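Quick note: residue numbers are just sequence positions, from 1. Whatever order the structure lists them in is the order used to number ligands and atoms, beginning at 1. Keep in mind the model is a prediction, meaning the values are calculated, not measured.
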Amino acid sequence: MRSLINILDFSVEELQELIDTANDIIARPEAYSQVCRGKKLATLFFEPSTRTRLSFEAAMYELGGNVIGFSEANSSSAAKGESVADTAKTISCYADIIAMRHPKEGAPLVAAANASIPVINAGDGGHNHPTQTLADLLTIYREKGRFSDLTVGLCGDLKFGRTVHSLINALSRYENVRFVLISPEELKLPSYVKKDVLRRQGIPYEQTTDLEKAMPDLDILYMTRVQRERFFNEEDYLRLKDSYILTPEKLKNASKDLCIMHPLPRVNEISVAVDDDPRACYFKQVLNGKYMRMALIMKLLKEAGRI
Ligand code: NCD
């Protein structure tokens, strides 16, 4: 059974197919409005979410399908001690496809191994978030028209930020991509990502704490929130939370074609004064995420022979 747990589960060609489908949905939404009629998406969210869960739900409704699920671990049998494996087997009796968010790294992988329907990882702990990457890829494609020859600045919590880990994995497969990793010392990209993804493939990257110095070189600036829920103590969070705040002033030396991204929710990382800058793409990312999730749901249900 085909699932999406890690963005590398899909080839570059498959990602391009999803992008082409999403662009076609944007052009002709009515052609897709009944594709999933009578099918059910189960959203199993064991962690807070606004965009990801509602985006999956909106995506399924716009395909003519239905949604069941829960948005709090406390309201599910997990609170009684049920295992992820048993939950996955149970939901397979009710639904056609699962989107799961879980605080434990690897939980969606366990679900996929036990479900008889496709499972989509909607974020697992500080590990991966492949469907945010789908939103990011469509945004980059629509704004830049390419994935190669890009200097990509990733700024903020690179240690716990799962969207960053998935995006690096995805972009590392294209030609001539360079990363500038901008973070406080304590929140640097985990060494397993540097070693297994960047160094193994000889992808150029530099690490810095200085956002303004890095700015002029960037084609893309991907800001992230400091992931409070993954900290062991509140003091460290309070000390690090406002490490980077993007303001119009700090964009003075940026390229006029810069694409400013953020997976959202934002706390303080981007001043609202930046929102009117034509280079601000973060709300476009939200919309693009819905179209890519529509394309993804269709792909997995087709491969499972359910539509
Ligand atoms: C991200 C996440 O959940 O990892 N949010 C999202 O899904 N767009 C980013 C974050 O919470 O900071």
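Relative to atom 12 (O) of ligand 1, the option among Glu269, Arg266, Arg230, Gln227 with the closest non-hydrogen atom is Gln227. When Gln285, Arg162, Arg53, His262 are checked for heavy-atom proximity to atom 3 (O) of ligand 1, Arg162 turns out nearest. Summarising the contacts of atom 1 (C) of ligand 1 with Leu264, Asn128, Val164, the nearest heavy atom is found in Leu264.
Backbone and side-chain nitrogen or oxygen atoms of Pro263 are examined, and one is located within less than 3.5 angstrom of a nitrogen or oxygen of ligand 1. The shortest N or O to N or O distance between Glu229 and ligand 1 is not under 3.5 Å. Not a single N or O atom of Thr163, backbone or side chain, sits closer than 3.5 Å to an N or O atom of ligand 1.
Cation-pi geometry between Lys299 and Phe10 is met: the NZ or CZ atom falls under 6.0 Å from the ring centre, inside 45° of the normal.
The closest donor-acceptor contact from the side chain of Gln34 to the backbone of Tyr32 lies at 3.5 Å or more, if one exists at all.
Distances below 4.0 Å separate heavy atoms of Arg225 from the following atoms of ligand 1: 10 (C), 11 (O), 12 (O). For ligand 1, the atoms sitting less than 4.0 Å from at least one non-hydrogen atom of Thr52 are 6 (C), 7 (O), numbered in the order shown with element in parentheses. Numbered from 1 in the order shown, with element, the atoms of ligand 1 that lie under 4.0 Å from a heavy atom of Arg101 read 3 (O), 7 (O).
In this structure Glu175 satisfies the side-chain hydrogen bond (donor to acceptor under 3.5 Å, both in side chains) test with no other residue, sequence neighbours excluded.
Between His102 and Phe46, the ring planes are tilted. Angles from 30° to 60° get that label.
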Please walk me through it: do Asp124 and Asn121 pass side-chain hydrogen bond (donor to acceptor under 3.5 Å, both in side chains)? CA-CA 7 Å; Asp124 62 327; Asn121 178 3; 3.1 Å; yes
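For the pair Pro265 and ligand 1, a heavy-atom separation below 4.0 Å is found.
The 12-atom threshold is not exceeded at NZ of Lys40, counting heavy atoms of other residues, nucleotides or ligands nearer than 6.0 Å.
Between the side chains of Arg142 and Asn23, at least one donor N or O sits under 3.5 Å from an acceptor N or O.
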